[in-house]
Structure formats: C-alpha cells, structure tokens
Amino acid sequence: MGKSTLFNRLTGTRGAIVSAVAGTTRDVLGGAVEWQGRVFALVDTGGVIGASLDPMQEAVAERVSRAAATVDLLVFVVDGREGPVPADDEVAETLRRHGVPVVLAVNKTDDRRARDRAFEFHRFGFEPIVEIAAEHGLGIGDLLDEVVSRLPPAPGQAAAITAAHETDAPPAAETRIAVVGRPNVGKSSLVNRLLGEERVVVFDEAGTTRDAIEIPFERNGKPYVLIDTAGIRRRKNVREIAEKFSIIKTLDAIKESHVAVMVLDARSGLVEQDLHLLDYVLTTGRALVLAVNKWDGLESEAKEKMRADIKRRLGFADYAELHFISALHGTAVGDLYPSIERAFNAANAHWSTNRLTTLLQDAVSQ
Ligand code: GDP
C-alpha cells in the first residue's frame, strides 16, 4: 500500500528520530517530523490489513481502534490504483466511530488511473483527501500541511505529540533523570543498577502517571526521580512491548527530565538511531550524560573503534561527560551520579544579566 514508503518520506524530511522495536514480526516504527515549526511524533502502526503472517493478528477493527486510541491524528493511506476495497470500508467505518481526526491520503496518484479514481474515496466521508505518490515524493508537503493544521493546539499530551525545541524543564525540586537509548542497549539493566546502589533509598511504589514509569528515590539525602522508559517491571510479551511505541515514551521521558542519561551500546557500536535520539535531547535543551554500556570483556580493538567513533561522530556533544560502564557487572555505574549532579547544576545555573551580556559580547567579538 506504500505506507512504509510514505513513512520514510515523512520521517526522512528532516531530523527524523526513527526507532524500531526489533523482535516483532512487523517492527513498530516511530519518528519525529518537523513541519512549519511544528514537531510531532509519527508512528507507523503496522499495516492493519494484509501482511497477516502474524498468527495472533486481531480483527481489523480492533487493530484500528487500538491505533486510533493512542494518537491525536491518523493518516489513513489507501491505494488509489486499487480503489476502495472492502477492508478500506471496514477501516473507515471504525475510524468514523472512533472519532479521531483523519487525513485520508490516496497513494500512487502518479498513475493516471489512480488519479481518476481518487474521488471514489470521498464516500468514506473524510475531508479533505490528499493525493500523494509516496514513492516519488509527490504531495508529501500537502499532506504535512493538512496534518499540521489538524493537530491539537497544545503539544505534549501524553501519548501522541511531542514538541521539540527548548521546552521548559520541570521545576527543579528534585533531579529528574531519564535513562534513554534504543532497545537492548541495557537501559533496564542500568536502571536496576542505579537503583540498586547501596546509598539509594527507593520510595514505595513507582508512579506511572505518564507513559514511562517514574521512580522517586533519595541518595545522600537528595531527592531524585528516575524516569524509566524501558520499564523495569516488564516484560509481559513481545507484542506488548511493540505496542508501547517506545519512541514516544522516550521523547516524553526526555521532556519530563532535567538530565538525560543516554545509553550507547559498545557492542553494536554507534548507529544512526543513537544520533537522532541525541539530537532530540540537545534540541530539547536537556542536560546530558553519556554512558557507553557493555564495556565488559570487550576486545581492545572494539574499544578503540568505539572511542574513535564517539570522538568523530559525537563531537557536537563533547561537553557531555562520558562514561564507559557495564550495567551487567555494575562497573563504573556509581560514577554516573556525580556526572548527573554536575550536568544538572550546569543546566540550572542562574546567571546575571550582566554576566550574560558580557558573554554574548565576547562571543560576538570573537
Ligand atoms: P534495554 O532494552 O535497553 O532495557 O536493555 P536490557 O537492559 O534489557 O539489556 C539488553 C541485553 O543486554 C540483556 O541481555 C542484558 O543482559 C545485556 N546487557 C545489558 N547491559 C550489559 C552490559 O553491561 N554488558 C553486557 N555484556 N551485556 C549487557
């Protein structure tokens, strides 16, 4: 149907953060898209029709409802060359009942026949209909215009839309730490280690106010909250993980934090996803600590390569303190706290107008 192609077109526009949840039959993808100054998270719900290799596949209506329940707006992609098929009707019907805003995109309209048939989709009752050709990049701007004009005015609601660009950090009564990174880099292991430190007193039950779990604790008499995107009390099953749209949780957790501890995986090396995530932390204006995990038992050659990669590709974040750790064995994990403290203090420092003016003048004259 071209949904994946469209997804790539949309997230490929600029600064996309794309995260795949591996280990599922269909990877669930999420990406950040910026258009007309608006940044929003785009999730690929996985095809609702066809691709039924999944023996556990639910009824179309159920899948559509589930997708609709987690988003603020839904782009319904149909195949113009095929024209409306019964499954489209089923999807449309469910969406109408659900009441989620829908932008209907008729794909493959580079084909004349498809263009001629586009009007047939009007009977679904979604207006307007945008004609696109994902493969050729046609109509993508129009589609984004429609999407952005229909987004709810205030960004930042729990699940769907996330504003990048310096958002205000939460009040600094406690230090809020988000542990972020792509799947399998060792976030859960690290969270457990950070909380397992002997000087840490974890308070009762974790709160789950938003999509991530918030764990309040105290260390050396100081209050902290750990925002856990991996979910230490996971993991029921693969499907559940897939459906949590972890990229949205991650973006949310970053926004809700003062300091992001970004976990990298020394074994798999630096990948594009790491850079995108990092970019998001920086755009949001959060303080940053880098933790290169799985440093245990690594060949010295691999260590060298990782160090070099970091130097070469993460130069733009070289102000962040860098740690080589093993969450598995707990090596160097304790060093993260002082770094978190310093990053927090640096990010929350108050500077006088005079000092700022001087700094700015210096910068300009240089
Ligand atoms: P998450 O998906 O980011 O939460 O990652 P997990 O904490 O679940 O870890 C993913 C896998 O990496 C698990 O099999 C862990 O045992 C393993 N792992 C995590 N940290 C380390 C580490 O420091 N060294 C090694 N060798 N393996 C690790």
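- No side-chain heavy atom of His323 sits less than 4.5 Å from a side-chain heavy atom of Trp295.
- Around atom CD of Glu218, more than 12 heavy atoms belonging to other residues, nucleotides or ligands sit under 6.0 Å away.
- Atoms CG and CD, from Leu104 and Glu131 in turn, are 10.5 Å apart once rounded to the nearest 0.5 Å.
- Side-chain atoms of Asp265 and Asn184, non-hydrogen and from C-beta on, never get closer than 4.5 Å to each other.
- When side chains are defined from C-beta on, Phe324 does not count as touching Thr331, because their heavy atoms never get closer than 4.5 Å.
- Remark: Arg193 engages Val333 in a side-chain contact (heavy atoms from CB on, under 4.5 Å) (not counting sequence neighbours).
- Under the rule for a salt bridge (charged side-chain N to carboxylate O under 4.0 Å, His left out), the partners of Glu174 that lie at least two apart in sequence or sit in another chain are Arg176.
- Other residues, nucleotides and ligands contribute more than 12 heavy atoms inside 6.0 Å of the CZ atom of Arg312.
- For the atom pair Asp279 CG and Asp274 CG, the distance stands at 12.5 Å (nearest 0.5 Å).
- The closest donor-acceptor contact from the side chain of Arg286 to the backbone of Thr284 lies under 3.5 Å.
- Atom NZ of Lys311 and atom CG of Asp309 lie 12.5 Å apart (nearest 0.5 Å).
- Residues that satisfy the salt bridge (charged side-chain N to carboxylate O under 4.0 Å, His left out) test with Asp89, not counting sequence neighbours, are Arg123.
- Cluster membership check: Leu328 does not share its hydrophobic cluster with Val263, using side-chain heavy-atom separations under 4.5 Å among Ile, Leu, Val, Met, Phe, Trp and Tyr.
- Judged by distance alone, with hydrogens and angles left aside, the side-chain atoms of Asp111 form a donor-acceptor pair with the main-chain N or O of Arg113 at under 3.5 Å.
- Smallest separation of non-hydrogen atoms from Val281 and Ala287: CG1-O, 4.3 Å.
- One finds the CG atom of Asn220 at 8.5 Å from the CD atom of Glu197 (value rounded to the nearest 0.5 Å).
- Using a 4.5 Å cut-off on side-chain heavy atoms (C-beta onward), Pro86 and Glu90 make no contact.
- Judged by distance alone, with hydrogens and angles left aside, the side-chain atoms of Tyr337 form a donor-acceptor pair with the main-chain N or O of Leu194 at under 3.5 Å.
- Closest non-hydrogen pair, Asn293 versus Ala327, comes out as OD1-N, 2.8 Å.
- Linking ILVMFWY side-chain heavy atoms closer than 4.5 Å, directly or via other members, places Leu138 and Val103 in two distinct hydrophobic clusters.
- Ion pairing between a basic and an acidic side chain is recognised when a charged N comes within 4.0 Å of a carboxylate O; Glu301 and Lys305 show no such pairing.
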One pair to check against side-chain contact (heavy atoms from CB on, under 4.5 Å): Leu190 and Val261. What are the steps and the verdict?
CA-CA 10 Å; Leu190 179 58; Val261 175; 4.2 Å; yes

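- The shortest heavy-atom contact between Gly186 and Lys294 is N-CE, 4.5 Å.
- Both Leu322 and Leu282 are members of a single hydrophobic cluster when ILVMFWY side chains are connected at heavy-atom separations under 4.5 Å.
- Both Ile310 and Tyr319 belong to a common hydrophobic cluster when Ile, Leu, Val, Met, Phe, Trp and Tyr are linked at side-chain heavy-atom distances under 4.5 angstrom.
- Counting heavy-atom neighbours within 6.0 Å of Glu127 CD, excluding the residue itself, gives a total above 12.
- Both Leu151 and Val130 are assigned to one and the same hydrophobic cluster, defined by single-linkage of ILVMFWY side chains at heavy-atom distances under 4.5 Å.
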Kindly indicate, with the supporting measurements, whether the criterion side-chain contact (heavy atoms from CB on, under 4.5 Å) is fulfilled by Leu264 and Val292.
CA-CA 5 Å; Leu264 303 167; Val292 184; 4.2 Å; yes

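- Judged as a ring pair (Phe, Tyr, Trp, His ring centres under 6.0 Å), and not counting sequence neighbours, the contacts of Phe121 are Phe124.
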Output, in order, the C-alpha distance, side-chain angles, deciding distance and verdict of side-chain contact (heavy atoms from CB on, under 4.5 Å) for Phe316 and Leu314.
CA-CA 5 Å; Phe316 63 94; Leu314 300 190; 4.2 Å; yes

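- Counting all heavy atoms, side chain and backbone alike, Lys303 lies closest to Leu298 at CE-O, 3.6 Å.
- Met262 pairs in a side chain to side chain contact (heavy atoms under 4.5 Å, CB included) with only one of the listed residues (Val179, Ile254, Leu277), which is Leu277.
- A salt bridge does not link Arg81 with Asp110: none of the charged nitrogens is closer than 4.0 Å to a carboxylate oxygen.
- With sequence neighbours left out, His329 forms a side chain to side chain donor-acceptor pair (under 3.5 Å) with no residue at all.
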Would you check, one step at a time, whether the test side-chain contact (heavy atoms from CB on, under 4.5 Å) holds for Val289 with Val259?
CA-CA 7 Å; Val289 173; Val259 182; 4.0 Å; yes

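- Val271 has its side chain out of reach of His276: every pair of non-hydrogen atoms, C-beta onward, lies at least 4.5 Å apart.
- The two residues Ala105 and Leu143 make their nearest non-hydrogen contact at CB-CD1, 4.2 Å.
- Applying the side chain to side chain donor-acceptor pair (under 3.5 Å) test to Asp335 and every residue at least two apart in sequence or in another chain returns nothing.
- A distance-only check finds a donor-acceptor pair linking the side chain of Asp88 to the backbone of Val85 [under 3.5 Å].
- Within the 3.5 Å criterion, the main-chain N or O of Glu341 finds a donor-acceptor partner in the side chain of Asn345.
- Summarising the geometry of Gly139 relative to Ile132, their closest heavy-atom pair is O-CG2, 3.6 Å, with the distance given to 0.1 Å.
- Remark: Arg313 engages Glu272 in a salt bridge, criterion side-chain N to carboxylate O under 4.0 Å.
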